[in-house]
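Following this message is one structure expressed as structure tokens.
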Amino acid sequence: TFDFGDVVITASGGAIADFRYIYVYDDTVTSPADPLVAVWDQGSTISLADGSSATISVNASGAFTIV
């Protein structure tokens with residue numbers, strides 16, 4: 001099970017341009033360095049004005065499980 005807390009993205013010092021996908025990588029391993037483990041599709045484009053935030057909520061039982 002891949003698990004982590006909610007992620008908050010905040011625009012500070014300027015706006016964040018349109019985005020739709022959130023890329024999750026594993027920063028704990030060294031080989032391969034920072035492998036991609038998931039891609040979330042938000043379903044539509046999001047843009048954040050300076051000072052605005054977006055929260056990516058993760059299910060309490062984990063983001064996903066590989067069986």
Verdict with reasoning, Q42 to I22, per side chain to side chain contact (heavy atoms under 4.5 Å, CB included) | CA-CA 8 Å; Q42 293 301 110; I22 306 294; 3.9 Å; yes
State the CZ-CD1 distance between R20 and I46, to the nearest 0.5 angstrom.
->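 Here the rounded value is 9.5 Å.
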Show the numbers, then the answer: is there a side chain to side chain contact (heavy atoms under 4.5 Å, CB included) between I16 and I9?
-> CA-CA 9 Å; I16 295 177; I9 301 167; 3.8 Å; yes
Report the C-alpha separation of F19 and T45 in whole Å, then their side-chain angles, then the decisive distance to 0.1 Å, and conclude whether the side chain to side chain contact (heavy atoms under 4.5 Å, CB included) test is met.
-> CA-CA 5 Å; F19 64 97; T45 301; over 6 Å; no
G13 to D50 - nearest heavy-atom pair and separation =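 Looking at all heavy atoms of both residues, the shortest contact is N-OD1, 3.0 Å.
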Nearest non-hydrogen partners of A11 and A49, listed with the distance = CB-O, 3.3 Å
Any idea which heavy atoms bring V8 and S53 closest together, and the distance?
->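 That closest heavy-atom pairing would be CG1-CB, 4.2 Å.
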Measure the CG-CD1 distance between D6 and I56 for me, rounded to the nearest 0.5 Å.
->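 If I round to the nearest 0.5 Å, the distance is 9.0 Å.
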Which pairs, with at least one residue in residues 22-31 and sequence neighbours excluded, count as a side chain to side chain donor-acceptor pair (under 3.5 Å)?
->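 As it turns out, the side chain to side chain donor-acceptor pair (under 3.5 Å) pairs with a partner in residues 22-31, which skip direct neighbours, are D26-T28.
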Does Y21 share a hydrophobic cluster with L36, counting links as ILVMFWY side-chain heavy atoms below 4.5 Å and allowing steps through other members?
-> yes
